[in-house]
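On a predicted model such as this, the values are computed, not experimentally measured, just so you know. So that the names make sense, note that chain A is the first sequence line, chain B the second, and so on, each numbered from 1.
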Amino acid sequence: MPELPEVESLRRILARTAVGRTIERVRIAEPRLRRKVAHGFAAGVEGRRILRLGRRAKYLIIELSDGAAMLVHLGMSGSLTHRGIDFDAAEFAARHDHLEFALDDRTRLVYNDPRRFGLIRLVPRGELPSTPELAGLGPEPLSAAFNAEYLARIARGRRAAIKNLIMDQRVVAGIGNIYASEILFRAGVRPTRRAARVARKELERIVAASAPILRAAISSRGTTFRSYRDAEGQPGRFAPRLMAYGREGKPCRVCGSLIRNVVVGQRASFFCPRCQR
DNA sequence: CTTACATCCTGATTGC
DNA sequence: TGCAATCAGGATGTAA
């Protein structure tokens with residue numbers, strides 16, 4: 001389940017291995033992702049060089065030499081792996097390898113996504129800031145713009161659960177179900193609390209907890225809970241450090257109480273009944 | 001504006 | 001053992 005740390009890990013790997021390469025050919029085996037890959041996509045990408053790799057929220061941004069940018073979202077089950085096999089020899093594409101980008105060093109980038117919740121789109125030069133996917137996003141949780149004052153302003157009058165609030169990409173961009181649970185655990189706040197009822201001090205703890213958790217997860221190259229793999233096909237190493245997510249019925253690593261799982265906003269939400277109030 | 005919920009999709013897991 | 005039901009949850013669209 002790729003969230004900010006997984007996408008950031010992907011960006012860092014590809015920044016080392018793919019920047020400077022020219023995309024010689026694009027093969028589209030299955031264009032039906034969350035939205036259908038546009039007709040002119042391959043023609044708009046082929047022949048361009050990869051200039052730079054960026055990230056916004058859970059979106060990977062592949063900047064191309066003509067000023068356009070590829071926007072990649074991995075959805076729930078997507079992966080973008082850098083494979084060292086010749087494009088021509090890639091006849092045995094794995095199941096759910098939907099797009100392949102042949103690079104000029106005879107390696108290829110392969111987009112695989114069993115559930116096809118992902119998105120790949122070419123954004124014309126200069127249109128990135130106004131593109132619908134990015135335009136409404138809230139601040140990056142690793143930026144100074146995500147602070148307690150900001151969060152307090154958003155939370156005011158909101159009946160939604162605090163966990164829904166920090167998973168709302170318009171509020172803060174890049175946090176998904178796993179890290180929302182981890183952040184609230186560290187902050188000592190129950191995921192079910194109504195946002196407006198969360199005290200200023202607690203909001204401060206939520207903000208303060210966010211960056212260290214996300215940074216630690218990036219250092220571990222993300223969390224592999226089930227199937228996530230990074231650009232080199234490796235699982236993330238953060239899972240053993242999860243305090244709450246996926247630990248239902250197991251003892252809290254801090255106090256020993258049993259971690260509970262409740263549904264908040266149609267999503268599993270794990271918390272410690274003693275550490276989180 | 002805010003909130004709630006269905007929708008897309010496949011694979012892993014659970015239940016009988 | 002096999003098969004069907006359930007769960008997983010990214011973002012989005014619609015309804016209330």
Side-chain angles (χ1 to χ4, degrees), chain A residues 1-10 29-37 55-61 71-80 93-99 111-121 123 131-138 140-141 151-184 191-198 214 217 222-230 235-236 239 242 244-249 260-271:
Chain A
M1 303 150 201
E3 304 179 28
L4 185 153
E6 290 73 30
V7 180
E8 178 62 20
S9 299
L10 177 63
E30 174 54 87
R32 293 172 302 169
L33 305 183
R34 168 151 54 101
R35 287 212 299 271
K36 197 161 184 257
V37 176
R55 180 192 58 75
R56 176 77 171 101
K58 304 172 191 172
Y59 288 92
L60 181 72
I61 298 166
L71 204 56
V72 180
H73 195 294
L74 301 177
M76 267 289 296
S77 58
S79 66
L80 190 61
R95 197 160 154 73
H96 306 305
D97 279 355
H98 303 317
L99 281 85
Y111 181 76
N112 181 292
D113 187 358
R115 291 166 73 175
R116 309 209 310 265
F117 280 13
L119 175 87
I120 297 190
R121 204 165 77 75
V123 181
T131 205
E133 289 86 354
L134 304 186
L137 291 173
E140 288 284 319
L151 193 55
R153 184 155 45 80
I154 302 277
R156 190 166 301 144
R158 293 284 285 263
R159 292 180 47 79
I162 184 66
K163 175 157 174 282
N164 288 347
L165 206 68
I166 64 173
M167 285 179 63
D168 186 335
Q169 303 300 298
R170 295 166 299 188
V171 173
V172 55
I175 298 171
N177 205 35
I178 293 177
Y179 297 106
S181 282
E182 294 304 298
I183 287 165
L184 291 174
T192 47
R193 297 264 304 279
R194 305 269 185 200
R197 308 284 296 272
V198 178
L214 296 172
T223 300
T224 292
F225 194 73
R226 283 197 172 79
S227 59
Y228 167 79
R229 292 291 181 278
D230 71 17
L242 294 174
Y245 186 85
R247 301 196 67 248
E248 180 181 11
R260 287 167 56 181
N261 176 8
V262 294
V263 173
V264 180
Q266 296 174 292
R267 271 135 184 80
S269 305
F270 301 88
F271 71 97

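- Atom P of nucleotide dC7(C) and atom CZ of Phe270(A) are separated by 13 Å, given to the nearest angstrom.
- Phosphate proximity of dT3(B) to Arg158(A): present, with a side-chain N or O under 4.0 Å from OP1 or OP2.
- Considering only side-chain atoms of His73(A), the nucleotide from dA8(C), dA11(C), dG11(B) that sits closest is dA11(C).
- Side-chain atoms of Tyr245(A) and Ser269(A) form no donor-acceptor pair, as typed in the model, at a separation below 3.5 Å.
- Salt bridge present: Arg55(A) and Glu140(A) bring a charged side-chain N and a carboxylate O closer than 4.0 Å.
- Interface remark: the Arg267(A) side chain does form a donor-acceptor pair with the dG10(C) base, using a distance-only criterion of under 3.5 Å.
- The CG-P distance, from Asn261(A) to dC7(C), rounds to 11 Å in whole Å.
- Using cut-offs of 30° and 60° for the angle between ring planes, the Tyr59(A) and His73(A) rings count as perpendicular.
- Distances from the side chain of Glu133(A) to the nucleotides dT12(C), dC9(B), dA11(C) place dT12(C) closest.
- With rounding to whole Å, Asn164(A) atom CG is found 7 Å from dA4(B) atom P.
- A salt bridge does not link Arg56(A) with Glu133(A): every distance from a Lys NZ or Arg NE/NH1/NH2 to an Asp or Glu carboxylate oxygen is 4.0 Å or more.
- With hydrogens and angles ignored, a donor-acceptor pair closer than 3.5 Å exists between the side chain of Arg115(A) and the base of dC9(B).
- With a 4.5 Å cut-off on side-chain heavy atoms, Arg35(A) and Arg121(A) count as touching.
- Contact between the side-chain N/O atoms of Arg34(A) and the OP1/OP2 oxygens of dT12(C) is found at a separation under 4.0 Å.
- Between Leu71(A) and Ile120(A), the closest side-chain pair of non-hydrogen atoms is not below 4.5 Å.
- Side-chain contact of Asp230(A) with Ser9(A): a donor-acceptor pair under 3.5 Å is absent, judged by distance alone.
- For Pro114(A), the side-chain atoms get nearest to dT10(B) when compared with the rest of dA8(C), dT10(B), dG10(C).
- The CZ atom of Arg35(A) sits 13 Å away from the C1' atom of dC8(B) (whole-angstrom rounding).
- Listed candidates were dG11(B), dA8(C), dC9(B). Nearest to the side chain of Arg116(A) is dC9(B).
- At dC9(B), none of the side-chain N or O atoms of Arg32(A) fall inside 4.0 Å of OP1 or OP2 (strictly under the cut-off).
- Against DNA chain B, the stretch residues 172-183 of chain A makes no heavy-atom approach under 4.0 Å.
- The distance from atom NZ of Lys36(A) to atom P of dT12(C) is 20 Å, rounded to the nearest whole Å.
- Note on His96(A): every side-chain N or O is 4.0 Å or more away from OP1 and OP2 of dT10(B).
- Nearest nucleotide to the Ala160(A) side chain, out of dT3(B), dA11(C), dA8(C): dT3(B).
- The side chain of Gln266(A) approaches dC5(B) more closely than any other nucleotide in the set dA11(C), dC5(B), dC9(B).
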